[in-house]
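Below, chain A is the first sequence line, B the second, and so on; all start at residue 1.
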2 protein chains.
Amino acid sequence: MALARKPADPLHAFAAHDHGNCSRDALARAEAITTAAGARLTPVRRRALEILLEDHRALGAYDVLNRLAGEGFGNQPPVAYRALEFLVAHGLAHRIQRLNAFTACTHIGNAHSPAFLICRSCSTVAEAAAGAIRTALDAAADEQGFVVEMSTIEALGLCPACRSAAA
Amino acid sequence: MALARKPADPLHAFAAHDHGNCSRDALARAEAITTAAGARLTPVRRRALEILLEDHRALGAYDVLNRLAGEGFGNQPPVAYRALEFLVAHGLAHRIQRLNAFTACTHIGNAHSPAFLICRSCSTVAEAAAGAIRTALDAAADEQGFVVEMSTIEALGLCPACRSAAA
DNA sequence: TCTATGTATGTTATATTATAACAGGTCAAC
DNA sequence: GTTGACCTGTTATAATATAACATACATAGA
Ligand SMILES: [Zn+2]
Ligand SMILES: [Zn+2]
Ligand SMILES: [Zn+2]
Ligand SMILES: [Zn+2]
C-alpha cells in the first residue's frame, strides 16, 4: 500500500503543519501497523488514539478516561489504562514519565525510542531523534560497566513559538 | 575545612567501596552545604537523608515516611515529601521519575544534573556524568528550535555485578 | 526582654495516578 | 457447539502526592 512506501514525515510538533492530515495519516498508519501485527485496533483503542491525536500534547489517563466515558465507553480506570497500554505497546503512543501522561506518537511505523521535548509554556510535546543521545548515554554507562536496555530522555524547556512570544 | 579541598570521589555506586565512609562523607558534605546556603539540616531532614544513604537504591516517599514515623517523627505524607523536597532542592538527593522514588546524591557538592543508571535486577542506582549526553540532547533540541532548560535522563539495564551473575 | 517575622513541623483531609481481581461477551479454531 | 484466546466492563483498593490549616520554634530588631 501507499503507506508502506511513504517515509515518515520529518515534520515535528513545533513546526507549522496541516494537523488534520498529520492526524489522519497517523490513524491510517496505526491501522496498518496493528493489522500487520495481528492485533486489533478496537473501537476504544482507536478512539483513545484519536483523542491523543487531537493535538501534540500529553494527556493523563484520567483525561482520556473522561473523554471515553463521555462517549459511551466504560468509565472505570482500567478502560483507559488498558487502551493506553495497548497503544504504547504497539508504538502508537508514548508515555511521558515526567508528566505521568501519554502522547500520540508522531512517527508511527518507525521503530524508535525518542527524546521528548516538552514546552513548559504551551505543553506541546515533540519527539527528537535520540540516536546520538543514546550513543552518548551508552558510552557514559559503559564507563561504569553498565549496559543500557531502555532509556527515558525527557527535556523541559521552551518551544520556538513560546520563545519568540517571550522575547 | 578539609571537605572543601577534597574533590568528590570518582566512586560510583556499582564499584566496590567502603560504604560506611561513602555515607559518612555524604552526610558531612550535606551539613557543610546546607550551612553554607543558610539552610538548616534539621533532624527530620537529616534522618531522611541518612535513610536514603543506607544504600545506593531509590526509596519511595512512603518508604521513607514509614521509617521516619517509626522513629518518632510525624507519620503523615507531607512529613516525608517535605523532607525529600528539601534534600532535592539542595542537591542532596535526586528524584528518579521512572520509579517515583528518591535516591541520595553520590556527588554532593558538585553542581550536576546526572544521568541515572538503574539496575533492573538489584535496583542499584548510579549517577553518570551527563555532560556529553546533554550536549547531544541540546543539539537534537536545537534542530527543532527548542531550548532545553532541564532534562531527565534515566537508563534501565544491568549493572556489572548482575551482568556477571547472569552470565 | 519582648515581640514580630520567617521558617519548620504536624495534622486532617483530599486529590491524583495506577492496579488487582473477577464477570461477562465476542469470535474464530477445532 | 465447545474450547480457548482475547477484549470489555465492573468493583474494589493500592500507591503516590498535595492543599490547607494549626502549632511551635527560631532569631533578629524594638
Ligand atoms: Zn500534527
Ligand atoms: Zn514516537
Ligand atoms: Zn556507597
Ligand atoms: Zn547527584
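Atom CD1 of B/Ile96 and atom P of D/dT16 are 15 Å apart (whole Å). Taking atom CG on A/Asn66 and atom P on C/dT16, their separation rounds to 11 Å, with Å as the unit. Taking atom CG of B/Leu65 as the reference point, atom P of C/dT11 lies 10 Å away to the nearest angstrom. Distance CD (A/Gln97) to P (C/dT16): 20 Å, rounded to an integer number of Å. Here the P atom of nucleotide D/dA14 and the CG atom of B/Asp63 are 16 Å apart, to the nearest Å. In this entry the distance linking CD of A/Gln76 with C1' of C/dA21 reads 14 Å, nearest Å. To the nearest angstrom, C1' of C/dG10 lies 17 Å from CD of B/Glu71. Between B/Leu41 atom CG and C/dT7 atom C1' the separation is 15 Å, expressed in whole Å.
With DNA chain D read from its 5' end, the first of the two nearest nucleotides for A/Arg82 and B/Tyr62 is the one closest to A/Arg82. Taking the nucleotide of DNA chain C with the nearest heavy atom to each of B/Asn100 and B/Phe73, the more 5' of the two is matched to B/Phe73.
Under the 3.5 Å distance criterion, the side-chain polar atoms of A/Arg47 are left unmatched by any main-chain donor or acceptor of A/Leu68. Here the side chain of B/Glu154 pairs no donor or acceptor atom with the backbone of B/Ile118 at under 3.5 angstrom.
Ring-base stacking between A/Tyr81 and C/dT19 is not satisfied when judged by a centre separation under 5.5 Å and a plane angle under 30°.
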field: Candidate pair B/His94 and B/His112, rule ring pair (Phe, Tyr, Trp, His ring centres under 6.0 Å), full reasoning
entry: CA-CA 11 Å; B/His94 299 289; B/His112 62 296; 5.0 Å; yes
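Salt-bridge formation is not detected for the pair A/Arg67/A/Asp63: no Lys NZ or Arg NE/NH1/NH2 atom is positioned less than 4.0 Å from an Asp or Glu carboxylate oxygen.
Comparing C/dA8, D/dG9, C/dT11 against the side chain of A/Val79 picks out D/dG9 as the nearest. Of the candidates C/dT11, C/dA13, C/dT19, the closest approach to any side-chain atom of A/Pro77 belongs to C/dT19. Closest contact between the side chain of A/Val44 and the listed nucleotides D/dG9, C/dG10, D/dT18 involves D/dG9.
Considering only heavy atoms from C-beta on, A/Tyr81 comes within 4.5 Å of A/Tyr62 through its side chain.
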task: Using a 4.0 Å cut-off on protein heavy atoms (strictly under), produce a 5'-to-3' string for nucleotides 24-30 of chain C with B for base contact, S for backbone-only sugar-phosphate contact, and - for none.
output: -------
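B/Ile133 and B/Met150 are not part of a single hydrophobic cluster, where members link through side-chain heavy atoms under 4.5 Å apart.
For A/Asn100, the side-chain hydrogen bond (donor to acceptor under 3.5 Å, both in side chains) criterion is met by no residue, not counting sequence neighbours.
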